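Everything below concerns the one structure shown next.
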Amino acid sequence: MTVVDIPPGTPTTERWLGGRFRLDERISLDDHVNGPCGSSWEARGLSLWKATDQLLSRSVTIYLLPGGPVPCAVADAVQAAAKVSDPRLATVYDTDFDQQCPYIVTEWTPGTHLEDLVLSGLPSPALAAAMIADAADAIAVAHRAARPHLRLTPRSLRWHPGCGLKITGLGLDAALCGLGAENPVAADTTALARMLYALLTGYWPGDEPTALPPAPRHKGQVCTPRQVRAGVPALLDAIACRGLRGQAADAPLRPQTPAGLALALNMVQRPSYQLEDAVPVVRPGRQRQAQRQAQRQAQRRQARHARARAGFRQRTTLLRPAV
């Protein structure tokens with residue numbers, strides 16, 4: 001594959017696209033990202049790059065496609081994804097379907113894949129619920145625009161402490177793999193429930209090969225999160241199990257949707273977005289003020305408990321039978 005349009009005076013070691021995008025670093029595509037025929041993306045001629053948009057001075061991601069006509073499914077998926085606007089979905093910036101060197105330019109998404117995040121250490125259950133609630137809400141926005149993802153995997157979600165949650169490959173990854181679904185809404189919701197299960201337990205409950213270990217099973221059924229990891233709240237356990245079984249998470253008679261999953265997960269107490277823990281950060285200059293406030297709150301709780309005990313003793317005395 002040849003990269004064209006090298007501006008005059010540019011070092012020959014630099015590779016350019018369209019005279020605007022400089023290819024900086026090739027991103028490895030994992031072998032487990034396979035199409036329906038078992039051929040990997042790289043074997044089909046696709047390469048993924050981190051590049052620099054020299055016009056706007058920003059980093060971008062470039063899908064460099066094999067030379068020749070671009071499949072209609074891929075072109076339609078790119079056009080549909082470009083019409084969906086949500087800060088949690090990676091944006092499609094530009095395309096060039098020239099047969100010599102077609103490419104797609106999308107938003108660069110820094111951060112850690114959900115897969116690597118789980119392998120490095122599990123977040124708290126409340127934080128896991130908050131992350132998947134945001135992801136489900138973003139996918140619900142895409143579904144309202146009639147654009148399902150259909151290829152949600154642990155590597156589709158990225159987390160960055162400064163940028164938050166990002167979902168990559170909306171519609172595009174599925175089109176490149178030739179994937180579809182009879183019920184796209186249920187397919188995306190089940191994939192989100194699987195990622196919730198992975199964040200809660202560290203295991204992957206699906207059949208797709210990933211770097212995560214497969215979820216333990218009992219009599220052919222995937223064990224529930226509470227059976228795998230201690231401390232998982234019963235509500236989260238029920239939401240994850242219903243999602244894996246294809247049932248609605250917020251009500252038993254409603255259809256399974258990302259919006260319903262987000263609604264159910266929002267019932268769980270949501271912490272601030274911090275991967276280390278859910279404890280609020282206190283600035284050094286306000287530490288003494290926070291300590292005094294905590295002391296006052298503790299004193300008020302003690303006073304309430306004392307009044308409650310005194311009232312209980314009084315009521316007990318009044319209820320004694322007369323002698």
Side-chain angles (χ1 to χ4, degrees), residues 27-48 61-66 68-84 86 88-92 95 97 102-107 109 113-115 132 135-136 138-158 166-198 204-212 214-215 243-246 255-258 261:
I27 304 171
S28 175
L29 292 172
D30 294 335
D31 292 335
H32 68 259
V33 184
N34 294 332
C37 300
S39 59
S40 69
W41 287 4
E42 291 166 307
R44 295 160 58 188
L46 173 72
S47 59
L48 195 61
T61 302
I62 290 185
Y63 291 79
L64 202 53
L65 306 177
V70 176
C72 293
V74 175
D76 293 342
V78 172
Q79 293 176 1
K83 298 177 182 178
V84 181
D86 190 278
R88 296 160 295 191
L89 299 172
T91 307
V92 177
T95 59
F97 291 154
Y103 61 87
I104 303 166
V105 184
T106 67
E107 180 183 359
T109 53
H113 289 295
L114 182 143
E115 186 178 80
I132 301 302
I139 294 297
V141 171
H143 280 216
R144 286 194 288 271
R147 182 66 268 170
H149 193 289
L150 301 180
R151 186 59 184 165
L152 281 169
T153 70
R155 302 192 72 82
S156 301
L157 268 67
R158 279 182 172 271
K166 284 286 184 180
I167 301 176
T168 62
L170 177 67
L172 176 59
D173 288 356
L176 290 169
C177 289
L179 297 179
E182 294 182 1
N183 189 339
V185 176
D188 280 352
T189 313
T190 300
L192 289 165
R194 289 174 178 173
M195 285 186 275
L196 174 62
Y197 186 100
W204 182 246
D207 299 327
E208 307 88 349
T210 69
L212 301 177
L244 293 177
R245 293 194 297 263
Q256 185 189 28
T257 63
L261 179 61

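As the structure is a prediction and not an experimental result, all values here were calculated from the model. Numbering starts at 1 and runs along the sequence shown.
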Return a table of donor-acceptor pairs under 3.5 angstrom between the side chains of residues 72-83 and protein atoms on other chains or two or more places apart.
none

Worked verdict on L157 versus I132 for side-chain contact (heavy atoms from CB on, under 4.5 Å) | CA-CA 10 Å; L157 268 67; I132 301 302; 4.3 Å; yes

Atom [atom1] in [X], atom [atom2] in [Y]: separation rounded to 0.5 Å?
{"X": "I139", "Y": "I167", "atom1": "CD1", "atom2": "CD1", "result": "4.0 Å"}
{"X": "L170", "Y": "L152", "atom1": "CG", "atom2": "CG", "result": "8.5 Å"}
{"X": "Y63", "Y": "D173", "atom1": "OH", "atom2": "CG", "result": "4.5 Å"}

So, does E115 use its side chain to make a donor-acceptor pair with the main chain of A211 at under 3.5 Å?
->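 Side chain of E115 to backbone of A211, a donor-acceptor pair under 3.5 Å: yes, one is there.
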
Which residue, L48, V105, I104, T168, forms the side-chain contact (heavy atoms from CB on, under 4.5 Å) with T61?
-> L48

Set of residues satisfying side-chain hydrogen bond (donor to acceptor under 3.5 Å, both in side chains) with respect to D86, sequence neighbours excluded = R88

With sequence neighbours excluded, what pairs up with S156 under the side-chain hydrogen bond (donor to acceptor under 3.5 Å, both in side chains) test?
->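 Here the qualifying residues are T153.
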
Side-chain polar contacts of residues 186-195 - donor-acceptor pairs under 3.5 angstrom, sequence neighbours left out - could you list them?
residue : atom : partner : partner atom : Å
D188    : OD1  : L150    : N            : 2.9
D188    : OD2  : H143    : NE2          : 2.7
D188    : OD2  : H149    : N            : 2.9
T189    : OG1  : V185    : O            : 2.7
T190    : OG1  : A186    : O            : 2.9
R194    : NH1  : E208    : OE2          : 2.8

Which atom names give the shortest non-hydrogen contact between P102 and P66, and what distance separates them?
-> CG-O, 3.3 Å

What pair of heavy atoms forms the shortest contact from R147 to V84, and how long is it?
->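 Scanning both residues, the minimum pair turns out to be CB-CG2, 3.9 Å.
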
